[in-house]
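Notes follow the structure.
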Amino acid sequence: LPHAMQSGKTYNIEMVSGIANNGDITSLTYDPFSLRSEALHVNQIGYVPDAGLKIGYVAEWMGDGGGLTLTDYAGSPFHIVDSISGAIVHSGTLAIRKLLTDSQVDNGNMSLFGPSNNYYGSDVLEADFSTVNTTGTYYLVAERFGRSFPFEIEENIYRKPFQMTTKFLYINRA
């Protein structure tokens with residue numbers, strides 16, 4: 001787009017004639033608190049309340065377009081939003097975690113695995129919300145991107161994946 005979308009504003013998107021069977025023009029009201037973004041990543045299993053780190057990430061590989069450049073977005077606000085009440089429970093600013101130019105993307109060489117490598121194939125920003133310790137279901141919202149899938153903070157969050165994995169191993173062995 002020639003300029004950033006503004007929250008609350010409605011945009012009409014015109015398709016190339018015949019590209020879609022449901023019409024050539026569609027409308028979109030930009031609201032980062034309700035529109036999910038593929039660029040926001042959180043732990044889909046969830047987090048325990050007393051986890052030392054709770055971090056979400058902003059990064060996106062755009063296929064033929066390459067990695068998303070995010071340096072202009074560092075310092076942008078993010079929020080942790082309660083999915084039931086819609087209340088903002090934490091706010092912070094996005095920080096640079098890793099720039100694509102800092103190191104090579106993993107090429108499959110086992111010696112490259114480790115915390116210093118960039119596996120997203122784009123710049124990576126982080127949203128640190130480690131101080132959020134109240135159990136519940138939340139969204140990560142980055143004002144200039146949208147929101148993440150919902151995630152939970154729960155004391156026994158790893159119980160279900162443990163049970164499913166154990167059951168799989170048992171059934172597989174049987």
Side-chain angles (χ1 to χ4, degrees), residues 1-47 53-107 112 115-132 134 136-153:
L1 297 175
H3 52 81
M5 292 190 286
Q6 297 175 3
S7 184
K9 188 172 179 185
T10 300
Y11 297 88
N12 291 320
I13 302 166
E14 186 174 347
M15 309 290 180
V16 175
S17 182
I19 199 169
N21 293 329
N22 59 349
D24 293 335
I25 297 178
T26 189
S27 294
L28 167 75
T29 300
Y30 179 65
D31 178 10
F33 285 82
S34 64
L35 296 174
R36 197 182 68 71
S37 171
E38 290 289 331
L40 273 72
H41 308 277
V42 292
N43 184 335
Q44 289 297 282
I45 294 173
Y47 305 85
L53 286 175
K54 295 181 198 86
I55 297 177
Y57 299 99
V58 180
E60 186 66 25
W61 170 252
M62 300 182 302
D64 291 347
L68 184 60
T69 302
L70 295 169
T71 52
D72 291 344
Y73 297 95
S76 296
F78 77 86
H79 310 284
I80 301 300
V81 178
D82 184 294
S83 69
I84 305 295
S85 69
I88 295 173
V89 299
H90 177 81
S91 293
T93 56
L94 298 172
I96 294 173
R97 171 66 178 238
K98 189 79 170 173
L99 298 177
L100 183 58
T101 55
D102 288 348
S103 80
Q104 293 296 317
V105 177
D106 172 38
N107 65 4
L112 292 176
S116 64
N117 291 304
N118 182 333
Y119 300 109
Y120 280 111
S122 80
D123 291 345
V124 180
L125 300 178
E126 68 179 17
D128 187 342
F129 54 97
S130 301
T131 60
V132 179
T134 306
T137 303
Y138 302 96
Y139 295 105
L140 166 62
V141 175
E143 289 187 9
R144 296 175 70 185
F145 290 93
R147 76 177 192 188
S148 69
F149 280 112
F151 65 91
E152 291 183 65
I153 296 178

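Source: prediction; values computed, not measured.
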Measuring from [X]:[atom1] to [Y]:[atom2], what's the distance to the nearest 0.5 Å?
{"X": "Ser148", "Y": "Asn43", "atom1": "OG", "atom2": "CG", "value": "11.0 Å"}
{"X": "Ile96", "Y": "Glu126", "atom1": "CD1", "atom2": "CD", "value": "10.5 Å"}
{"X": "Asp123", "Y": "Thr69", "atom1": "CG", "atom2": "OG1", "value": "5.5 Å"}
{"X": "Ile55", "Y": "His41", "atom1": "CD1", "atom2": "NE2", "value": "14.5 Å"}
{"X": "Ser7", "Y": "Tyr30", "atom1": "OG", "atom2": "OH", "value": "7.0 Å"}

Please find the pair of heavy atoms, one from [X] and one from [Y], that lie closest to each other, and give the distance.
{"X": "Glu60", "Y": "Glu38", "result": "OE1-O, 2.9 Å"}
{"X": "Leu40", "Y": "Ala142", "result": "CD2-N, 3.7 Å"}
{"X": "Val81", "Y": "Ile88", "result": "CG2-CG1, 4.1 Å"}
{"X": "Ser130", "Y": "Leu53", "result": "OG-CA, 3.3 Å"}
{"X": "Ala59", "Y": "Leu70", "result": "CA-CD1, 4.0 Å"}
{"X": "Leu140", "Y": "Ala127", "result": "CD1-CB, 3.9 Å"}

> Do the rings of Tyr47 and Phe151 sit parallel, tilted or perpendicular, given the 30° and 60° boundaries?
Replying inline: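 Tyr47 and Phe151: perpendicular rings.
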> What do the steps show when you test Val89 against Thr134 for side chain to side chain contact (heavy atoms under 4.5 Å, CB included), and what is the final call?
Replying inline: CA-CA 9 Å; Val89 299; Thr134 306; over 6 Å; no
Side-chain heavy-atom pair [X], [Y] within 4.5 angstrom cut-off:
{"X": "Lys54", "Y": "Phe129", "result": "yes"}
{"X": "Phe145", "Y": "Leu68", "result": "yes"}
{"X": "His79", "Y": "Glu143", "result": "yes"}
{"X": "Thr26", "Y": "Asn12", "result": "no"}
{"X": "Arg144", "Y": "Leu94", "result": "no"}
{"X": "Thr10", "Y": "Leu28", "result": "no"}
{"X": "His90", "Y": "Phe78", "result": "yes"}
{"X": "Tyr139", "Y": "Pro150", "result": "yes"}

>> For Gln44, I'd like to know if atom CD has over 12 heavy atoms of other residues, nucleotides or ligands within 6.0 Å.
In response: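 Result for CD/Gln44: enclosed.
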> So does Phe149 have more than 12 non-hydrogen atoms from other groups sitting under 6.0 Å from CZ?
Replying inline: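 At most 12 heavy atoms, drawn from other residues, nucleotides or ligands, come within 6.0 Å of this atom.
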